[in-house]
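First, the structure itself, so that you have it in front of you.
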Amino acid sequence: QVYLAESGGGLVQAGGSLRLSCAASGDSFNRYAMAWFRQAPGKEREFVSAISWSTYYADFVKGRFTIFRDNAEKTVFLEMNSLKPEDTAVYYCAAGLQPFGVGDQRDTRYYNYWGQGTQVTVSS
């Protein structure tokens, strides 16, 4: 089993920046695809970014967010810049281990493990 713990959320003004962190337990972190999803009130959980053999970004990121990982520290990060009020949501870290080419890393169903989420609030 893998345990994921997000941190770094908070309140920031529009145009500001935040860096989210996700620390993982387990012995095979480097084998997992890691991703960030977010869920705003009244909306479905949506894909933000993923990193495995490649990196993937949702269209709404528009070059504002960057995902990266430190395998030695078993941590994945999401650097968020030029934040907008519509970025307000609970951000979730996810980990998935699937055979190469199987599944869609932009889909929640790809992932086996989820963190508890961290709240990001962007004020106007």
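In what follows, every heavy atom counts, from backbone to side chain, and hydrogens, waters and symmetry copies are set aside.
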Exercise. For the side chain of T121 and the backbone of T88, is there at least one donor-acceptor N/O pair under 3.5 Å apart?
Worked result: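 No; zero donor-acceptor contacts below 3.5 Å.
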For this session: Write out all pairs satisfying ring pair (Phe, Tyr, Trp, His ring centres under 6.0 Å) with one or both partners inside residues 80-103, taking only residues at least two apart or from two chains.
Result: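 For residues 80-103: W53-F100.
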For this session: Determine whether T108 and F47 make a side-chain contact, defined as any pair of heavy atoms from C-beta on separated by less than 4.5 Å.
Result: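 Contact flag for T108/F47 side chains = no.
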For this session: Would you check if the side chain of E6 reaches a backbone N or O of C93 as a donor-acceptor pair within less than 3.5 Å?
Result: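 Looks like yes, one N/O pair under 3.5 Å.
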Exercise. Within a strict 4.5 Å, meaning less than it, do heavy atoms of the T66 and Y57 side chains meet?
Worked result: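 Yes; the side chains approach each other to less than 4.5 Å.
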For this session: Would you indicate whether N30, at its atom CG, is surrounded by more than 12 heavy atoms from other residues, nucleotides or ligands within a distance under 6.0 Å?
Result: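 Yes, because the 6.0 Å sphere around CG of N30 holds more than 12 heavy atoms from other groups.
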Exercise. D87 side chain to V120 main-chain N or O, any donor-acceptor pair under 3.5 Å?
Worked result: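 No; zero donor-acceptor contacts below 3.5 Å.
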For this session: May I ask whether Y113 and V90 are part of the same hydrophobic cluster, defined by side-chain heavy atoms of I, L, V, M, F, W, Y residues being less than 4.5 angstrom apart, directly or through others?
Result: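 Each belongs to a different hydrophobic cluster.
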Exercise. Does atom CD of E86 have more than 12 heavy-atom neighbours, drawn from other residues, nucleotides or ligands, at distances under 6.0 Å?
Worked result: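 More than 12 heavy atoms, drawn from other residues, nucleotides or ligands, come within 6.0 Å of this atom.
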For this session: Any pair with a residue in residues 96-105 that passes side chain to side chain donor-acceptor pair (under 3.5 Å), sequence neighbours left out, goes on the list, sorted by first then second residue, please.
Result: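 Listed by first then second residue: S52-Q105.
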Exercise. Are L4 and M34 side-chain neighbours, meaning at least one heavy-atom pair lies under 4.5 Å?
Worked result: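 Sidechains of M34 and L4: in contact.
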Exercise. Would a distance-only check, ignoring hydrogens and angles, find a side-chain to backbone donor-acceptor pair under 3.5 Å from S49 to Y56?
Worked result: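 It does hold such a pair.
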For this session: Please confirm whether Y111 and F37 have ring centers closer than 6.0 angstrom.
Result: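 So the answer is yes for these two rings.
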Problem set entry | Donor-acceptor contact present, side-chain R64 to main-chain S82, <3.5 Å |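 Answer holds: yes.
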Problem set entry | Same apolar cluster (I L V M F W Y, side chains within < 4.5 Å links), F65/L18 |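 Yes; L18 is reachable from F65 via cluster members.
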Problem set entry | S25 (side chain) donor-acceptor with Y3 (main chain) under 3.5 angstrom |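 Yes; judged by distance alone, with no hydrogens or angles, the pair exists.
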Exercise. Considering only heavy atoms from C-beta outward, does the side chain of R45 approach that of W114 to under 4.5 Å?
Worked result: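 They are in contact (side-chain heavy atoms under 4.5 Å apart), so the answer is yes.
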Problem set entry | R69 (side chain) donor-acceptor with I51 (main chain) under 3.5 angstrom |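 A pair under 3.5 Å: yes.
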For this session: Indicate yes or no: at least one non-hydrogen side-chain atom of R38 is less than 4.5 angstrom from one of T118.
Result: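 The answer is no, as the side chains (C-beta and beyond) never meet within the 4.5 Å cut-off.
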